[in-house]
Amino acid sequence: NMFQCEDFPWQLYIGKEVQAPRNLYLEIAENTKEKFDFLVVPLFHRRFSASPDVKRQVPATRGAYALTSDGWARHIIGKVSFLIDPDVQDITLRTKWENELIQ
């Protein structure tokens with residue numbers, strides 16, 4: 001899928017950012033059809049809200065078994081979610097986000 005052009009001698013890989021993928025397998029299949037090389041997805045799952053009232057004991061990340069290790073390595077680039085802001089002024093939220101990043 002890599003972009004190639006005689007006038008552009010470098011290898012260029014092009015990805016697509018998805019904010020809240022429901023099914024990574026379907027997203028990867030669609031991504032491949034659209035000729036993208038990888039998906040950029042949030043490391044933290046969107047269903048966990050920014051509310052300080054949300055209490056849970058499990059990580060907010062996607063399960064490691066959502067894809068095979070090869071699938072993660074070849075198709076996914078993770079990013080810190082836009083829902084996490086460790087610099088937020090509210091001390092309760094800031095502490096929550098700092099703890100999320102530590103997990």
field: Residues in side chain to side chain contact (heavy atoms under 4.5 Å, CB included) contact with Leu26, at least two apart in sequence or another chain
entry: Asn23

query: Are Leu24 and Trp72 close enough that some pair of their side-chain heavy atoms sits under 4.5 Å apart?
result: yes

message: Are Glu27 and His75 packed together at the side-chain level, in the sense that at least one heavy-atom pair is separated by less than 4.5 angstrom?
response: no

message: Checking Ile28 against Leu67 for the side chain to side chain contact (heavy atoms under 4.5 Å, CB included) test, could you report, in this order, the C-alpha distance in whole Å, the side-chain angles of both residues, the deciding distance, and whether it holds?
response: CA-CA 10 Å; Ile28 289 170; Leu67 295 173; 3.9 Å; yes

For the student: nearest non-hydrogen atoms of [X] and [Y], plus distance:
X     : Y     : value
Lys79 : Gln19 : NZ-NE2, 3.4 Å
Asp37 : Tyr13 : OD2-CA, 3.2 Å
Leu93 : Asp90 : N-OD1, 3.1 Å
Pro42 : Val18 : CD-O, 3.3 Å

message: Tell me if the CD atom of Glu34 is crowded by more than 12 foreign heavy atoms within 6.0 Å.
response: yes

- prompt: If only atom types and distance count, is the side chain of Asn31 paired as donor or acceptor with the main-chain N or O of Phe38 below 3.5 Å?
  reply: yes

query: Atom CG of Leu39 and atom CD of Glu30: how far apart are they, to the nearest 0.5 Å?
result: 9.0 Å

statement: Interatomic distance, CZ@Arg74 vs OG1@Thr68, rounded to 0.5 Å, equals 9.5 Å

